[in-house]
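Because the structure is predicted, anything quoted here is derived from the model rather than measured. By convention in this document, chain letters (A, B, ...) are assigned in the order of the sequence lines, proteins followed by strands, and residues within each chain are numbered from 1.
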There are 2 protein chains.
Amino acid sequence: MSGEVAGEQATDGQELNVGLLLFIPYRAMEDRIFAALAEAGFDDFTVAQARVMQRIGPDGTRLTDLAEQAQITKQTAGFLVDRLERAGYVERVPDPRDRRARLVKIAARGAAAIPVAESVVAEVEAEWAAHLGKRRMAQLRETLTRLREITDPYA
Amino acid sequence: MSGEVAGEQATDGQELNVGLLLFIPYRAMEDRIFAALAEAGFDDFTVAQARVMQRIGPDGTRLTDLAEQAQITKQTAGFLVDRLERAGYVERVPDPRDRRARLVKIAARGAAAIPVAESVVAEVEAEWAAHLGKRRMAQLRETLTRLREITDPYA
DNA sequence: GACATTGGTCAGTGTATCTGACTAATTTAG
DNA sequence: CTAAATTAGTCAGATACACTGACCAATGTC
């Protein structure tokens with residue numbers, strides 16, 4: 001899962017670089033989601049799998065698209081989808097528009113996991129808002145959305 | 001490398017959850033640092049290794065501490081430090097205070113890489129500040145620093 | 001219809017991560 | 001001050017994940 005390379009050397013006396021400052025709460029959110037899912041019985045999937053699953057659109061998404069969005073190779077994406085499929089989180093159906101392709105869709109088990117994840121996200125966001133104040137929290141979201149304009153490779 | 005699990009399902013019509021919003025620029029920063037290091041000839045190390053190396057303090061740090069801070073097992077940390085050591089980025093010296101322990105320190109090649117990374121961080125931060133405006137950029141840093149208070153496991 | 005492109009798989013390799021078991025040095029208790 | 005518990009680190013083995021290269025089949029282009 002994840003990495004956090006940003007600046008080299010732990011200065012640790014304040015003034016962390018922004019990259020690391022972004023990573024810390026991100027990681028905390030991820031850990032919370034994972035813990036909650038595991039506790040709810042969804043303990044047989046991994047961060048990498050979730051990363052891919054998260055990208056599946058409501059009508060299904062092609063493997064190649066998933067790979068591109070998750071910034072991994074299609075081989076890796078295929079590997080991860082295999083796992084997800086075997087665990088019942090997703091399914092592959094033929095793409096009616098293109099006989100080469102198949103659409104990866106959320107399956108029953110996946111659909112069951114999503115509300116669990118969503119509720120944890122809401123819970124954590126509420127905690128953050130309580131600590132920062134509503135205004136600051138809203139500003140944070142807005143600033144990050146703006147930042148996305150120059151940092152998101154496909155959006 | 002790193003993950004980004006935060007919310008499940010690509011809603012994609014705005015309102016991304018904050019976890020993912022944090023991850024996007026983090027990832028962009030990381031990619032930039034990596035690309036710059038590779039171009040400068042430091043192409044033989046990985047994100048995971050950098051994650052550990054980043055935590056080494058000025059007087060060296062014990063393996064166990066590195067593991068804890070990077071949130072990995074000490075075995076994994078040992079594995080990564082082995083690689084870093086063979087590539088000349090770090091060295092292990094006996095800890096004078098404790099004969100069980102050894103201190104991992106930045107070696108010559110590591111010391112050479114740090115300024116390269118630092119300059120990219122500065123560059124990227126400047127780009128972000130240009131896009132967001134100075135005030136917003138300062139607010140972002142401040143808010144993230146506050147958020148760290150409740151999301152950083154050891155700090 | 002030939003050629004290039006696109007969607008996906010197969011095979012092979014290296015990296016990262018974990019758990020469990022172990023040695024050695026240090027610290028704590030009685 | 002010895003005995004027990006803790007701490008620092010390693011060894012061994014297993015699994016997951018990520019990449020490259022090679023390939024096949026369907027689609028699109030000229």
Non-neighbouring partners of A/R146 that pass side-chain contact (heavy atoms from CB on, under 4.5 Å), sequence neighbours left out: A/E149, B/L132, B/R136

Nucleic acid contacts - residues 84-91 of chain A versus DNA chain D, non-hydrogen atoms under 4.0 Å: none

Mind listing the side-chain donor-acceptor pairs of residues 72-80 of chain A below 3.5 Å, one per line with the distance, residues two or more places apart or on another chain?
unit_1	atom_1	unit_2	atom_2	d
A/T73	OG1	A/T76	N	3.2
A/T73	OG1	A/T76	OG1	3.0

Partners passing salt bridge (charged side-chain N to carboxylate O under 4.0 Å, His left out) against B/E39 (at least two apart in sequence or in another chain): none

Integer-rounded Å distance: D/dT7 P and B/E68 CD: 11 Å

Atom pair distance, as rounded to whole Å: CZ in B/R62 and C1' in D/dT7: 9 Å

Rounded to 10 degrees, the angle between the two terminal axes of the helix from C/dG1-D/dC30 to C/dG30-D/dC1, each from five pairs: 30°

Euclidean distance, atom CZ of residue A/F79 to atom P of D/dA16 [Å, nearest integer]: 6 Å

Contacts of A/A107 that satisfy side-chain contact (heavy atoms from CB on, under 4.5 Å) - sequence neighbours left out: A/E91

5′-ward residue of the pair B/R83/B/T73 relative to DNA chain C: B/R83

With sequence neighbours excluded, residues passing salt bridge (charged side-chain N to carboxylate O under 4.0 Å, His left out) with A/R32: A/E123, A/E127

ring-ring contact (aromatic ring centres under 6.0 Å, His included) contacts touching residues 99-123 of chain A (sequence neighbours left out): none

Which residues share a side-chain contact (heavy atoms from CB on, under 4.5 Å) with A/T64, sequence neighbours left out: none

Nucleotides 23-28 of chain D: protein proximity per nucleotide (B base, S sugar-phosphate only, - neither; heavy atom, under 4.0 Å): --BBS-

Validation row, ring centre A/F34 to ring centre A/F42 under 6.0 Å: no

Which residues share a side-chain contact (heavy atoms from CB on, under 4.5 Å) with A/D95, sequence neighbours left out: A/R62, A/R97, A/D98, A/A101, A/L103

Set of salt bridge (charged side-chain N to carboxylate O under 4.0 Å, His left out) partners for A/R83, sequence neighbours left out: none

Minimum-distance nucleotide to A/Q75 side chain [options: D/dC17, C/dG20, C/dT9]: C/dT9

